[in-house]
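Sequence lines set the chain letters: A, B, ... in the order given, protein chains first and strands last, and positions in each chain run from 1. Computed from a predicted structure; not experimentally measured.
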There are 2 protein chains.
Amino acid sequence: MSDLPRPRKSDVARDRILAAARRIFSEEGYEGTTIRAIAATASINPAMVMRYYGSKEGLFAAVANLDFRVAPLAGVPVAELGEALVRHVMALWENPRDGVVLAAMMRASISNESARERIVAQFSEQIAGLFSAIGPTAAPAAPFIATQILGLAMARYIWRIPAIVALPKDLVVTRIGKTVQRYLTDISA
Amino acid sequence: MSDLPRPRKSDVARDRILAAARRIFSEEGYEGTTIRAIAATASINPAMVMRYYGSKEGLFAAVANLDFRVAPLAGVPVAELGEALVRHVMALWENPRDGVVLAAMMRASISNESARERIVAQFSEQIAGLFSAIGPTAAPAAPFIATQILGLAMARYIWRIPAIVALPKDLVVTRIGKTVQRYLTDISA
DNA sequence: GTCTATAATTCGATAGAC
DNA sequence: GTCTATCGAATTATAGAC
């Protein structure tokens with residue numbers, strides 16, 4: 001009855017491989033992840049992983065596509081952007097699917113040079129796009145905001161430093177949001 | 001003529017192993033580092049590395065000892081602590097020896113769970129020591145300051161994001177120093 | 001103390017039957 | 001499309017000669 005084509009069996013297999021790859025890359029980093037472990041998690045023969053994605057690098061490239069989904073932030077009044085940005089980033093990290101991808105990319109970018117280059121490029125591009133959408137005066141603030149946001153993500157979601165994990169989400173949004181807001185609007189803050 | 005005992009040959013070998021280990025762990029991460037690569041760099045037989053340090057984990061433990069050298073900061077007036085802390089951290093990272101150790105620990109902490117636990121514990125302990133030395137009112141600010149400082153270090157020294165590497169050091173000290181200062185003194189900043 | 005030789009695994013990737 | 005079998009290389013770690 002549906003107009004959608006019934007998913008081929010191989011598509012299902014591909015998706016299961018991708019889901020497993022996301023999770024294991026995010027937990028073990030690039031070198032720590034094995035094709036065999038991904039195949040086992042996906043209940044699929046390791047040779048099929050190679051057939052579908054060609055190589056370990058190819059599989060990672062299929063998983064690692066940075067998307068901050070910053071479009072909704074374009075409509076936020078400038079005066080509220082600081083908190084909105086922090087809240088958005090935290091929601092992204094705490095979303096099961098997005099958080100796993102972000103963690104995978106961060107981990108891989110730290111142990112693998114070619115992954116680092118691709119990810120830094122994607123990150124810089126998206127950040128530049130966001131801040132040029134906000135307005136030309138915001139651009140110089142971008143690198144400072146990036147350090148604050150990246151540090152929050154690393155400390156809370158990658159290293160899981162107890163004192164930082166323990167902070168209530170609302171308090172994080174308020175205080176770090178205020179810092180971001182100041183970078184954004186106070187020319188010398 | 002010196003009262004110091006002449007270094008035994010094995011001590012020289014140990015030091016060369018440690019120096020090589022620091023560099024390679026910092027560049028390749030834990031998984032990406034091999035005993036063989038360390039031995040080759042140190043011009044020493046791989047079996048000797050095992051003999052001296054027992055295992056790859058043992059060698060990493062000998063290298064990975066976090067020391068932020070925060071003692072000098074205790075004498076800084078509270079009003080200047082923000083900038084002083086940022087300047088101190090940047091000097092640490094840009095010092096060839098300390099920077100390599102910090103990078104090694106950060107990289108390893110991301111690909112190896114036991115390394116992560118040890119490093120997070122050491123980090124938390126030193127941060128807590130520093131802020132309790134500053135004063136009891138500073139303690140609640142510690143986690144926020146940690147996110148800002150960690151983010152700066154990751155972005156500038158690990159990911160080497162071009163827009164952030166390009167920032168003049170003085171500007172970083174001034175603006176991020178101001179953020180740290182505000183976390184420190186403004187109760188609700 | 002030093003080194004050779006190698007054990008025991010594990011990895012990514014491939015060949016080829018079905 | 002799927003899977004078995006395996007290759008070739010690399011890894012940590014050990015045994016034991018010198």
How would nucleotides 4-9 of chain D be written as a contact map, 5' to 3', with B for base contact, S for sugar-phosphate-only contact and - for no contact, using protein heavy atoms under 4.0 Å?
B-B---
To the nearest 0.5 Å, tell me how far A:Arg14 CZ sits from A:Leu59 CG.
11.0 Å
Rounded to the nearest angstrom, tell me the gap between atom NZ in B:Lys56 and atom C1' in D:dT11.
8 Å
Whole-Å distance separating the OH atom of B:Tyr53 from the C1' atom of D:dA13:
18 Å
Send over the distance from B:Met50 CE to C:dT2 P, rounded to a whole Å.
16 Å
Would you mind reading off the distance between A:Leu59 atom CG and C:dC11 atom C1', rounded to a whole angstrom?
15 Å
Between the side chains of A:Glu94 and A:Tyr157, is a donor N or O closer than 3.5 angstrom to an acceptor N or O?
yes
What is the separation between atom CD1 on B:Ile35 and atom P on D:dA13, rounded to the nearest whole Å?
6 Å
Of all pairs that satisfy salt bridge (Lys or Arg N to Asp or Glu O under 4.0 Å), the ones with a partner from residues 49-65 of chain B, not counting sequence neighbours:
none
Separation of atom CG in B:Asn112 from atom P in D:dT11, rounded to whole Å
17 Å
Any chance you could measure A:Ile149, atom CD1, to A:His88, atom NE2, to the nearest 0.5 Å?
10.0 Å
Between D:dT2, C:dT2, D:dA13, which nucleotide gets closest to the side-chain atoms of B:Arg51?
C:dT2
Upstream residue (5' side of DNA chain C) when A:Gly54 and A:Thr34 are each assigned their closest nucleotide
A:Thr34
Could you give the CD1-to-P distance, from A:Ile38 to C:dA13, as a whole number of Å?
11 Å
A:Tyr52 has its side chain closest, among D:dT2, C:dA13, D:dA13, to D:dT2
A:Arg156 side chain vs A:Ile164 backbone, donor-acceptor pair below 3.5 Å
yes
Candidates D:dC3, C:dT2, D:dT11 - which lies nearest the side chain of A:Met48:
D:dC3
Any sub-3.5 Å donor-acceptor pair from A:Ser26's side-chain atoms to A:Arg23's backbone N or O?
yes
Do the side chain of B:Gln126 and the main chain of B:Leu66 share a donor and acceptor less than 3.5 angstrom apart?
yes
What's the CZ-P distance between A:Phe60 and C:dC11, to the nearest Å?
19 Å
